[in-house]
K.L.:
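Dumping the structure here so I can ask a few things about it.
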Amino acid sequence: MKMQMVTCVAPVNIAVIKYWGKRDENLILPLNSSISITLSPTQLRAKTTVALSKDFEKTRIWLNAVEQNPDNPRLQNIIRKIKHRAFRCNGEKNGQANKEDMLNWHLHICSENNFPVSAGLASSAAGYSCLVAAMANLFEVEGDLSGIARLGSGSACRSMYGGFVEWDLGHCSDGSDSLARQIAPCDHWPELRALLLVVSEQPKTVSSTLGMQNSVNTSELLRSRVECIVPRRLAELRASIAEKDFEKFAQICMKESNQFHAICLDTYPPIGYLTEVSDQIIALVHRFNKLCERLKVAYTFDAGPNACLFLMEEDVPRFLSLIRHFFRPVNNGPENFIHGLPVDVPRV
Ligand code: PMV
């Protein structure tokens, strides 16, 4: 059997200014712009292989070795968009007949993550950005791909770029300007580290899609956040990154996380993503910062109980020893395991 095949790896990104709430469900257009940090793909990552052959009888997809329904509308949207761009880009180059043939062939897609999925660790961001990168490579599509990744899961558009990334909410009703762009490169702030503490590997109880819909419909806090708070915080965070001002960065980061979870609680019925262990991590960070008489560690939590901590490289050993003192690994795991999973210290 003759086939063309491409494999790509993509990293997760951690939002500092959170995206929560859509103004268009189908085009996945956010209510507010967001800023994230893309972690190194050498640690938490999705790996996706896409194969194309005229001998495949139907399109099939496997996620972590379990076959999924390929009729998922988000997956179909991505396939359609990539093929449409391929048609425009490569039409003349490949010749009409060949081009049309290839676009009608079926795909086999195989994706795996090396960390828990749906546990608030940005697995969908890594997964969809990886799929888009692999498909674009296969069909020789060039240019910005963040608008296509966005159609898989909003936050996926930010994983198309490394370093510090802003996803602009955009203003066009067709979503053509709701794109991600790098605001500072990977090596801009080399001392910054991310520490991921896995509190639970369980999938989240309320998906981000449903959670966002409920928040948009019921939370009054969300409305004032979008209108008054986010625009100011975006400007402040951009400045803190440009100036490498960790204290300023840390304060915005923790306030953003707290406000996001306050909105989840303001949603009716309320959504509680954090657990007692998450609260203990928050308390430990504040106690540590108070003892140091300055902000040395910042936490942020997405739609799940798992923590992402940001800190300077020089502070990692000291803070990690505190974490190991207060939080015991489960299942008698090795010393560097907390709750059964490796404590990751990715470069950002
Ligand atoms: O892209 P989604 O649908 O998985 O939503 C992501 C939402 C948060 O992770 C909570 C925030 C963000 O900006 O990534």
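Ligands are counted one by one from 1 in listed order, and the atoms in each one are counted from 1 as well. Every heavy atom of this structure was used, including side-chain atoms; hydrogens, water molecules and symmetry mates were not.
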K.L.:
Tell me if the CD atom of E293 is crowded by more than 12 foreign heavy atoms within 6.0 Å.
P.N.:
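Open.
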K.L.:
Can you tell whether the side chains of R85 and E142 come within less than 4.0 Å, N to carboxylate O?
P.N.:
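No, this pair does not count.
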K.L.:
Tell me every residue that passes salt bridge (Lys or Arg N to Asp or Glu O under 4.0 Å) with R233, counting only those two or more places apart in sequence or in another chain.
P.N.:
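Checked R233 against salt bridge (Lys or Arg N to Asp or Glu O under 4.0 Å); matches are E256.
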K.L.:
Salt bridge between E166 and R181, side-chain N to carboxylate O under 4.0 Å?
P.N.:
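Yes, E166 and R181 are salt-bridged.
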K.L.:
Using a 4.0 Å cut-off on heavy atoms, what residues surround ligand 1? Order them by chain and number.
P.N.:
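Ligand 1 is contacted, at a heavy-atom distance under 4.0 Å, by A15, K18, Y19, W20, S124, S153, G154, S155, R158, S208, M212, F260, D302, A303.
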K.L.:
In this structure, are over 12 heavy atoms from other groups packed under 6.0 Å from E67 atom CD?
P.N.:
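Yes, enclosed.
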K.L.:
Taking 4.0 angstrom as the limit, do R45 and E112 come out as a salt bridge?
P.N.:
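Here R45 pairs with E112 in a salt bridge, since their nearest N and O are under 4.0 Å apart.
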